[in-house]
Each structure stands twice: as C-alpha cells, then as structure tokens.
Amino acid sequence: MESMEIAMTTSVLFVCLGNICRSPLAEGAMRRLVEIEAAAVHIDSAGTGDWHIGRAPDPRAQAEALRQGLDISMLRARQVTAEDFHSFDHIVAMDAQNLADLLAMQPDGARARLSRLLDHVGGGDVPDPYYGGDDGFAETFRLVESGARALLQAISGQRATTL
Ligand code: 4NP
C-alpha cells in the first residue's frame with residue numbers, strides 16, 4: 001500500500017535562469033493549485049545559473065505573489081543539479097534557452113520528462129521579466145499560472161489513464 005501511495009506522488013521542478021523571478025512564481029502558483037485540488041504533487045524550482053544561489057525571490061516577484069495572495073518569501077534560489085534529472089518526474093523550463101541548457105546537461109538514464117511550461121497551453125516562452133519594469137511581473141504571473149493549471153491537468157489525466 002505504501003509503495004502505491006509513493007507512486008501516486010508526481011514531482012515537478014520549475015526551471016528558469018536565476019530562480020528568483022519566473023520559476024519561484026510558477027512554484028507558488030502551482031503550490032496553490034495543488035492545495036486546492038488536494039493533489040499529491042511535490043514541487044520545487046531551480047535556476048540554470050548560479051548567480052543568485054541562496055537568495056530569496058526578487059522583491060518584484062514577491063510583491064506580485066502577495067498581490068495574488070501568495071507568500072513566496074521563504075523560497076531560496078538553487079541551481080539545477082544532475083541529480084534532479086533522476087529524482088523529478090517533470091522538469092519544466094520557462095523558455096527555450098532554459099530548455100536548451102537543460103538538454104545540454106541532461107545525464108544518461110535521466111527519468112525526468114522535459115518540457116517548456118507554455119507548451120502545455122499551446123506553446124511559447126515565459127519572457128524574462130528581470131530587466132523590465134514592475135508591470136512585467138503581473139504578466140509573468142498570468143502566464144505561469146495558466147501553464148501550471150494546464151500542467152496539473154495533464155498530470156491528473158496521466159494518472160487517470162494509468163490507474
Ligand atoms: P529568472 O530571472 O530567470 O526568471 O529568475 C532572472 C533573474 C536574474 C537574472 C536573469 C534572469 N540575472 O541575469 O541575474
């Protein structure tokens with residue numbers, strides 16, 4: 001019984017460049033959706049780059065999260081590791097460059113399925129809001145939440161077909 005319960009938990013790692021803007025917002029949005037649906041999904045986020053390791057999300061991302069009723073202040077940036085490709089079911093990139101970087105570091109025998117977040121809603125990149133103004137973060141949140149919603153539906157659908 002215990003092993004069945006473990007098998008029912010799906011794990012998702014959201015990945016952007018710095019892990020301080022887009023992927024923490026995706027993590028926050030997905031956490032809320034998973035909570036609402038009482039789904040068994042383990043969620044984390046990471047960056048392909050190492051500049052911001054250990055830092056909290058960008059203050060503009062935190063502010064946008066709060067506007068959406070989400071506290072992401074406790075998240076801390078980390079870099080993607082080779083181990084992530086073995087331990088996560090899904091690694092979900094924010095843009096095409098993130099996906100290319102992930103493919104380049106993918107180790108042999110990786111089990112994680114790689115995708116781009118907005119491929120789950122018809123395609124496209126979540127644009128990097130880091131060098132833009134505060135208003136870019138509202139659009140970032142809108143995009144990551146719609147992608148997260150579709151991803152969760154896909155995960156739930158996959159489970160239904162394997163039951
Ligand atoms: P993120 O945004 O990839 O959405 O976290 C960025 C954060 C920092 C940098 C670039 C993008 N940076 O160059 O430091």
Side-chain angles (χ1 to χ4, degrees), residues 9-81 84-85 87-103 112-159:
T9 299
T10 303
S11 53
V12 178
L13 180 68
F14 293 108
V15 173
C16 60
L17 179 59
N19 193 209
I20 56 168
C21 297
R22 292 165 291 176
S23 59
L25 283 172
E27 180 177 350
M30 186 73 159
R31 280 188 190 284
R32 178 158 61 192
L33 293 168
V34 161
E35 205 177 296
I36 291 167
E37 303 213 356
V41 183
H42 170 71
I43 307 156
D44 197 2
S45 66
T48 56
D50 63 1
W51 310 285
H52 302 284
I53 291 173
R55 298 231 180 104
D58 185 288
R60 298 166 295 174
Q62 290 194 46
E64 179 56 30
L66 277 182
R67 271 192 288 279
Q68 304 291 339
L70 287 168
D71 181 6
I72 59 167
S73 64
M74 78 299 290
L75 300 181
R76 294 293 177 267
R78 73 169 180 89
Q79 192 171 24
V80 182
T81 67
D84 289 325
F85 290 83
S87 58
F88 283 88
D89 297 306
H90 299 270
I91 299 182
V92 183
M94 295 298 121
D95 65 29
Q97 185 60 54
N98 306 148
L99 187 58
D101 291 341
L102 287 165
L103 283 167
R113 288 172 62 165
L114 301 188
S115 65
R116 205 169 39 149
L117 181 62
L118 296 186
D119 286 345
H120 300 277
V121 281
D125 288 340
V126 179
D128 185 348
Y130 186 66
Y131 293 106
D134 291 4
D135 53 347
F137 284 74
E139 174 65 1
T140 300
F141 188 84
R142 193 185 69 74
L143 290 172
V144 299
E145 191 177 47
S146 74
R149 201 179 291 277
L151 175 63
L152 182 55
Q153 268 173 13
I155 289 170
S156 302
Q158 265 168 25
R159 275 193 195 138

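All of these numbers come straight from a predicted model, not from anything done at the bench.
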Tyr130 and Leu17, any side-chain heavy atoms less than 4.5 Å apart: no
Give a yes or no on whether the backbone of Arg78 and the side-chain of Asn19 come within a donor-acceptor separation of less than 3.5 Å. yes
Over all heavy atoms of both residues, which pair between Ser73 and Ala56 is shortest? Give the atoms and the distance, please. O-CB, 4.0 Å
Asp101 and Asn98: side chain donor to acceptor below 3.5 Å: no
All heavy atoms of Ala148 vs all of Met30, minimum pair found to be O-SD, 3.6 Å
Minimum heavy-atom distance Thr9-His42, with the two atoms named: CG2-N, 4.1 Å
Could you check whether any side-chain N or O of Arg22 sits under 3.5 Å from a backbone N or O of Val126, counting only pairs where one atom can act as donor and the other as acceptor? yes
To the closest 0.5 Å, what do you measure between CD (Glu64) and CD1 (Ile72)? 9.5 Å
About how many Å separate CZ of Arg116 and CG of Leu99, when rounded to the nearest 0.5 Å? 7.0 Å
Here the pair of heavy atoms bringing Pro129 nearest to Cys21 is CG-CB, 3.9 Å
Evaluate Ser23 against Val15 for side chain to side chain contact (heavy atoms under 4.5 Å, CB included), listing each step before the verdict. CA-CA 6 Å; Ser23 59; Val15 173; 5.7 Å; no
Heavy-atom closest contact (Leu102 atom, Phe85 atom, distance): O-CZ, 3.5 Å
Phe14 pairs by side-chain contact (heavy atoms from CB on, under 4.5 Å) with which of Leu25, Ile91, Leu117? Leu117
Compare every heavy atom of Pro24 with every heavy atom of Pro57, then report the nearest pair and how far apart it is. CG-CB, 4.0 Å
The single option from Gln62, Arg55, Arg60 passing side chain to side chain donor-acceptor pair (under 3.5 Å) against Asp58: Arg60
Let me confirm one number: the CE-OG1 distance from Met94 to Thr48, rounded to the nearest 0.5 Å. 11.5 Å
Please tell me if the side chains of Pro127 and Leu143 come closer than 4.5 Å, counting only heavy atoms from C-beta onward. yes
Is it the case that the side chains of Ser115 and His90 hold a donor-acceptor pair, with the cut-off being a distance below 3.5 Å and no angle test? no
From Ile53 atom CD1 to Ile20 atom CD1, the distance as rounded to the nearest 0.5 Å: 12.0 Å
Tell me whether Asp95 contacts the main-chain N or O of Asp125 through its side chain, where contact means a donor paired with an acceptor under 3.5 Å. no
One should read off an interatomic distance between Asp119 CG and Leu114 CG, to the nearest 0.5 angstrom, of 11.0 Å
Is Asp84 close to Asp44 at the side-chain level, that is, under 4.5 Å between some pair of heavy atoms? no
Presence of salt bridge, Glu35 and Arg31, under 4.0 angstrom: no
Is the shortest side-chain heavy-atom distance between Glu145 and Arg32 below 4.5 Å? yes
